[in-house]
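Have a look at the structure below before the remarks.
Everything numeric here is computed off the predicted structure, so don't read it as measured data. Positions are given from 1 along the sequence.
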Amino acid sequence: MPQVIGIPKEIAAGEKRVATVPEVVEKLVKLGFKVAVEAGAGNASNFSDDVYRAAGAEIIADAAGLWAGSDIVFKVRGPSADEVKLLREGGTLISFIWPAQNPDLMQQLAARKATVLAIDALPRVLSRAQKMDALTSQAGVAGYRAVIEAANAFGRFFNGQITAAGKVQPAKVFIAGAGVAGLAAIGTAASLGAIVRANDTRAEVADQVVSLGGEFVKVDYEEEGSGGGGYAKVMSEGFLQAQREMYAKQAREVDIIITTALIPGKPAPRLITAEMVQSMKPGSVIVDMAAEQGGNCELTEPGQAVVKHGVTIIGYTDLVSRLAKQSSTLYSSNLFRLSEELCKTKDGVINVNMEDDAIRGLTVIKEGAITWPAPPIKLAAPPPAAAKPAVVSASTKGHGHGGGGAPASATRTTIMFGIAALLFWLIGTGAPSAFLAHLTVFVLACFIGYMVVWNVTPALHTPLMSVTNAISSIIAIGALVQIAPPLADGMTRPESLIQWLAGLGIVLTAINMFGGFAVTQRMLAMFRK
């Protein structure tokens with residue numbers, strides 16, 4: 001019998017998201033599930049009950065009825081104590097849980113003998129888990145919205161302009177933390193025309209910052225900041241002191257600061273002090289994306305936008321909900337991909353397979369037993385490097401057992417050239433002179449095309465591009481030779497038909513080659529401002 005997935009209305013203050021959108025309801029129904037939605041659950045995200053009903057969902061009038069009739073509950077925020085009481089005993093809950101920060105909630109859910117999958121506990125080191133990574137999808141929305149909020153509070157253009165009334169300088173934006181949210185903020189601010197700077201404790205993100213149009217500002221202190229699972233780690237006091245000095249310098253220079261620094265299971269690190277805020281220019285803006293965990297700025301008031309020392313400090317904790325329709329769509333897609341993993345048989349019944357590393361990492365409670373934290377994932381060891389062939393020294397060539405001579409590869413090459421020469425001689429003895437002229441052109445074109453294109457460093461192209469470009473070069477060179485006038489006495493001009501075909505070949509080859517350049521330019525433009 002298919003299980004019922006229930007979608008309750010979120011009751012947390014300021015939360016406008018909904019766990020599943022109508023588009024995903026249709027997909028869940030195709031997986032065999034029944035879907036029930038609490039009346040009004042999607043109103044704040046601009047999804048009406050009628051749209052859910054048209055997608056195949058049943059609308060339940062009240063929360064108690066929805067929770068009681070659902071085998072599986074999809075939520076955005078973790079349940080309140082009252083919602084835990086409504087959860088069916090032995091039921092399944094999929095939601096943000098944050099088990100490290102909510103031990104009491106974990107105990108309450110365990111007492112209901114529930115199976116709980118915390119979407120925030122997904123092992124992000126698994127590449128196949130990316131499609132289920134709700135933290136990434138929601139952080140991207142938050143980073144974008146943070147820039148929009150900053151632009152709204154800022155009193156000038158982001159981009160520089162030269163007008164009849166005078167020159168407008170571009171805004172300078174500094175982003176602390178280049179994780180998913182930080183990178184989204186960098187890309188958005190750069191696209192609006194601002195001068196963007198960014199910093200992160202993980203040196204490997206510097207290239208990503210630059211690719212999005214920002215400048216990576218390095219701390220003058222050598223220490224690696226990568227932690228487990230793609231997060232940053234707690235840094236040493238020496239590094240933190242050097243980092244504070246760098247932040248103080250940036251605060252005096254820039255117009256907007258966006259902070260994104262968070263460490264799992266710990267309060268947000270304090271990066272921007274009151275003295276730094278005082279040093280900023282009047283009218284500057286700080287957007288503290290870590291406000292919900294205490295804030296990266298010393299003067300942040302969570303949930304509020306305040307003005308202190310002439311600087312607007314935005315500490316909104318609902319940045320994602322301010323783009324509720326977009327964030328709900330992305331989050332529901334993450335849950336649908338998870339549902340596909342849980343219901344591979346497409347019969348509407350989930351199987352929480354604890355042998356699956358991704359599912360095991362997500363499962364924090366299994367049938368009332370707390371299973372969090374999950375054991376470390378054993379990643380497959382990289383394949384051993386292939387042994388390099390032994391180099392035969394000059395002194396041993398021609399000696400040894402059996403009077404060994406040249407290496408096997410050289411022998412094969414000699415044999416191949418010998419066979420090719422023999423075939424060429426056999427063709428030459430019976431073929432007409434005109435055919436030999438064309439064959440010579442073809443062989444030379446192949447050789448030149450290979451040497452010019454095929455030997456390009458593989459990092460500069462894909463294998464498919466190298467093959468097509470090599471073929472295009474062969475055609476172009478051969479056609480140019482055929483279409484050219486005779487170079488010496490005794491050579492006849494190619495017939496008119498051959499000239500026309502050669503010209504057509506050049507035209508088609510040019511389309512292919514210049515089309516490839518155009519596609520390459522479009523691909524590169526995606527990574528430029």
* Which atom names give the shortest non-hydrogen contact between Pro8 and Lys75, and what distance separates them? -> CG-CG, 3.5 Å
* To do: Using the side chain to side chain contact (heavy atoms under 4.5 Å, CB included) rule, take Trp372 and Val116 through it: C-alpha gap first, then chi angles, then the decisive distance, then the call.
  => CA-CA 10 Å; Trp372 183 86; Val116 180; over 6 Å; no
* Do Pro79 and Ile97 come within less than 4.5 Å of each other through their side chains, counting heavy atoms only? -> yes
* Asked: Under the ring-ring contact (aromatic ring centres under 6.0 Å, His included) rule, what pairs show up with a residue in residues 168-206, not counting sequence neighbours?
  -> Phe174-Tyr247
* Structure fact -> With sequence neighbours left out, the residues meeting ring pair (Phe, Tyr, Trp, His ring centres under 6.0 Å) with Tyr52 are none
* To do: Assess whether atom CD of Glu23 is packed by more than 12 heavy atoms of other residues, nucleotides or ligands within 6.0 Å.
  => no
* Take Gln107 and Ile370, measure what side chain to side chain contact (heavy atoms under 4.5 Å, CB included) needs, and give me the verdict at the end. => CA-CA 8 Å; Gln107 293 296 333; Ile370 296 178; 3.6 Å; yes
* More than 12 heavy atoms from other groups under 6.0 Å of NZ on Lys34 -> no
* Asked: Taking C-beta and beyond as the side chain, do Met246 and Lys249 meet within less than 4.5 Å on heavy atoms?
  -> no
* Do the non-hydrogen side-chain atoms of Leu262 and Met289 ever get within less than 4.5 Å of each other? -> no
* **Pairwise side-chain contact, Arg156 with Asp255, heavy-atom cut-off 4.5 Å (strictly under)** => yes
* Just grab all the side-chain hydrogen bond (donor to acceptor under 3.5 Å, both in side chains) pairs involving residues 58-71, residues at least two apart or on different chains. => Asp71-Arg88
* Side chains of Asn296 and Pro269 in contact at under 4.5 Å (non-hydrogen atoms) -> yes
* To do: Write down the atom of Leu183, the atom of Leu212, and the distance for their closest heavy-atom approach.
  => O-CD1, 3.4 Å
* Derivation of the side chain to side chain contact (heavy atoms under 4.5 Å, CB included) call for Gln250 and Asn199 -> CA-CA 10 Å; Gln250 294 299 321; Asn199 168 261; over 6 Å; no
* **Verdict with supporting geometry, Glu83 and Arg77, salt bridge (charged side-chain N to carboxylate O under 4.0 Å, His left out)** => CA-CA 11 Å; Glu83 287 177 318; Arg77 298 268 185 168; over 6 Å; no
* To do: Using the side chain to side chain donor-acceptor pair (under 3.5 Å) rule, take Glu15 and Ser321 through it: C-alpha gap first, then chi angles, then the decisive distance, then the call.
  => CA-CA 6 Å; Glu15 184 56 72; Ser321 283; 2.7 Å; yes
* Between atom CG of Asn43 and atom OG of Ser48, what is the distance when rounded to the nearest 0.5 Å? -> 7.5 Å
* Any chance you could lay out the side chain to side chain contact (heavy atoms under 4.5 Å, CB included) test for Thr201 and Phe239, step after step, and finish with the verdict? => CA-CA 9 Å; Thr201 58; Phe239 179 91; 3.7 Å; yes
* Test item: Leu93 and Arg112 side chains (from C-beta on) under 4.5 Å apart, heavy atoms -> no
* Asked: Under a 4.0 Å N-O cut-off, is there an ion pair linking Glu341 with Lys131?
  -> yes
* Asked: Does Lys27 reach the main-chain N or O of Phe336 with its side chain, forming a donor-acceptor pair under 3.5 Å?
  -> no
* **Closest heavy-atom pair and its distance - Gly140, Val180** => N-CG1, 3.8 Å
* Would you check if Met106 and Ile365 make a side-chain contact, meaning some heavy-atom pair closer than 4.5 Å? => yes
* Asked: Hey, which of Ile258, Thr300, Ile272, Thr312 is the one that makes side-chain contact (heavy atoms from CB on, under 4.5 Å) with Ile286?
  -> Ile272
* Asked: Between Arg145 and Glu149, does at least one N-O distance fall below 4.0 Å, as a salt bridge requires?
  -> yes
* To do: Please name the pair of heavy atoms, one in Phe47 and one in Val21, separated by the smallest distance, quoted to 0.1 Å.
  => CE1-CG1, 3.4 Å
* Candidate pair Arg360 and Glu355, rule salt bridge (charged side-chain N to carboxylate O under 4.0 Å, His left out), full reasoning -> CA-CA 7 Å; Arg360 174 64 187 88; Glu355 299 299 320; over 6 Å; no
* Asked: In terms of heavy-atom contacts, does NZ of Lys113 have more than 12 from other residues, nucleotides or ligands at under 6.0 Å?
  -> no
* Measure the CD-CD distance between Gln241 and Gln243 for me, rounded to the nearest 0.5 Å. => 10.5 Å
* Asked: Does atom CZ of Phe157 have more than 12 heavy-atom neighbours from other groups under 6.0 Å away?
  -> no
* Side-chain ion pair, Glu340 and Lys30, N-O less than 4.0 Å -> no
* Structure fact -> In short, Pro22 meets Ala55 closest at the heavy-atom pair O-CB, 3.4 Å
* **Side-chain heavy atoms of Leu117 within contact of Leu342, under 4.5 Å** => yes
* To do: Evaluate the criterion ring-ring contact (aromatic ring centres under 6.0 Å, His included) for residue pair Phe96 and Tyr331; output intermediate values, then yes/no.
  => CA-CA 11 Å; Phe96 281 102; Tyr331 180 66; 5.5 Å; yes
* Asked: Which pair of heavy atoms, one from Ala142 and one from Leu319, lies closest together, and at what distance?
  -> O-CD1, 4.2 Å
* To do: Given salt bridge (charged side-chain N to carboxylate O under 4.0 Å, His left out), test Asp357 with Arg128 step by step and report yes or no.
  => CA-CA 10 Å; Asp357 286 336; Arg128 68 182 186 86; over 6 Å; no
